[in-house]
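Worksheet for the structure shown next.
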2 protein chains.
Amino acid sequence: MINYTNILRQHNLKATPQRLAITDILHVQGHITIESLYEVMVKKFSSISLATIYKNINLMLENSFIQEVKIPHAKSVYEITKESHSHLACEKCGEIQDIIIDLDNILNEVAKTNTFKVNSSDLVLSGICKNCQ
Amino acid sequence: MINYTNILRQHNLKATPQRLAITDILHVQGHITIESLYEVMVKKFSSISLATIYKNINLMLENSFIQEVKIPHAKSVYEITKESHSHLACEKCGEIQDIIIDLDNILNEVAKTNTFKVNSSDLVLSGICKNCQ
DNA sequence: ACTTAAAGGATAATTATTATCTTTTAATAA
DNA sequence: TTATTAAAAGATAATAATTATCCTTTAAGT
């Protein structure tokens with residue numbers, strides 16, 4: 001179990017117990033919605049405020065410690081920032097998985113047209129995961 | 001200017017003036033947020049209710065007459081359903097453009113892994129559009 | 001024209017998110 | 001260690017976004 005104290009501090013975030021818990025949950029779960037995060041957090045901090053969840057998620061987003069992933073027909077999930085990657089979204093169980101897909105060819109094609117300067121790409125593939133097939 | 005009366009009816013939607021206007025706006029603008037749609041509609045129907053906008057957008061989504069496009073760091077936009085395509089999102093002016101990108105190679109790669117059955121893909125490229133460069 | 005199920009408008013209710021204010025605490029230095 | 005302080009947590013009010021309700025109007029088919 002990684003200790004995120006210093007990593008949080010490197011992002012100008014005080015390492016509070018609540019933040020360490022959020023970070024640990026994100027690390028273990030990979031992707032989580034606000035409401036699920038709150039449910040899990042309440043088990044550890046019975047008196048935690050939903051506002052604390054929102055404030056921390058927003059601060060972590062601002063500091064690029066985490067990223068929001070928008071999922072078609074579902075709520076957004078949050079994940080710890082890592083190298084650029086795409087997502088698989090299971091339409092049955094809701095599970096979100098990371099997947100590394102090389103988009104260079106595509107981005108080069110777009111670059112050739114010279115009509116749009118791409119800075120980032122977000123790709124979500126929706127379907128049925130291994131477990132649900 | 002296309003007449004959408006029959007197209008609406010084919011989707012089990014009564015062709016009301018409000019719906020024809022929404023459809024016409026979507027047709028002309030290409031992509032629009034809920035709030036922008038409401039602003040434009042109020043000019044044509046001064047007494048229109050915001051609930052009418054939401055109810056129609058939701059019905060049109062259910063009947064697959066339109067689609068929601070989730071944009072990173074911005075509000076969702078809606079578009080008339082057409083053949084599968086990707087989107088360019090300008091980070092400066094907010095403009096959303098359609099772009100046809102062949103994702104077959106990518107989808108085949110994922111299919112090969114045999115761990116996920118892809119039904120649909122959503123790709124948004126964020127960056128700077130021609131006008132804003 | 002008549003009938004009726006569906007749609008529109010007004011607005012209340014709900015849900016999601018943010019702001020405010022007070023108390024507590026992590027981080028730093030004496 | 002303890003003292004100091006800016007920041008964070010918690011409680012809750014406020015705001016924003018969306019949906020539900022109820023009554024009136026109307027599109028579409030006799």
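Numbered from 1 within each chain, the chains take letters A, B, ... in sequence-line order.
The residue among A:R19 and B:T5 whose nearest nucleotide of DNA chain D lies closer to the 5′ end is A:R19.
As a whole-Å value, the separation of A:L59 CG from C:dT18 P is 12 Å. Going from atom NZ of B:K55 over to atom P of D:dC22 covers 13 Å, rounded to whole Å. Atom CD in B:Q18 sits roughly 12 Å away from atom C1' in C:dA6 (whole-Å rounding). One interatomic measurement links the two molecules: CZ of A:R9 to C1' of D:dA8, which rounds to 14 Å at whole-angstrom precision. Summarising the geometry, the separation between CG on B:L50 and C1' on D:dT18 is reported as 8 Å, rounded to the nearest angstrom. Remark: P of D:dA8 and NZ of A:K14 are 6 Å apart, rounded to the nearest angstrom. Going from atom CD1 of A:I57 over to atom P of D:dA8 covers 14 Å, rounded to whole Å. Atom-to-atom, CD1 of B:I48 to P of C:dG9 comes out at 5 Å; the value is rounded to the nearest Å.
Within the 4.0 Å cut-off from OP1 or OP2 of D:dA8, not a single side-chain nitrogen or oxygen of A:T16 is found. Within the structure, every side-chain polar atom (N or O) of A:N58 is placed at least 4.0 Å from both OP1 and OP2 of C:dT17. Between A:N12 and D:dA7, a side-chain N or O to OP1/OP2 separation shorter than 4.0 Å is absent. Listed pair A:S49 / D:dA11 fails the phosphate criterion, with no side-chain N or O lying under 4.0 Å from OP1 or OP2.
Considering only heavy atoms from C-beta on, B:T113 stays 4.5 Å or farther from B:E109 through its side chain.
No salt bridge links B:K70 with A:D122; every basic N to acidic carboxylate O contact stays at or beyond 4.0 Å.
The residue A:I34 sits apart from the nucleic acid: no heavy atom pair falls under 4.0 Å. Among the atoms of the strands shown, none is found under 4.0 Å from any heavy atom of B:E35. Contact annotation for A:A51: base contact, defined as any heavy-atom pair under 4.0 Å involving a base atom.
For B:Q97 and B:H85, the side-chain atoms include no donor-acceptor pair closer than 3.5 Å.
Between the side chain of A:S36 and the backbone N or O of A:T33 there is no donor-acceptor pair closer than 3.5 Å.
Of the listed nucleotides (C:dA26, D:dA11, C:dT17), C:dT17 has the atom at the smallest distance from the side chain of A:Y54.
Aromatic ring centres of B:Y78 and B:H31 lie farther apart than the 6.0 Å criterion allows.
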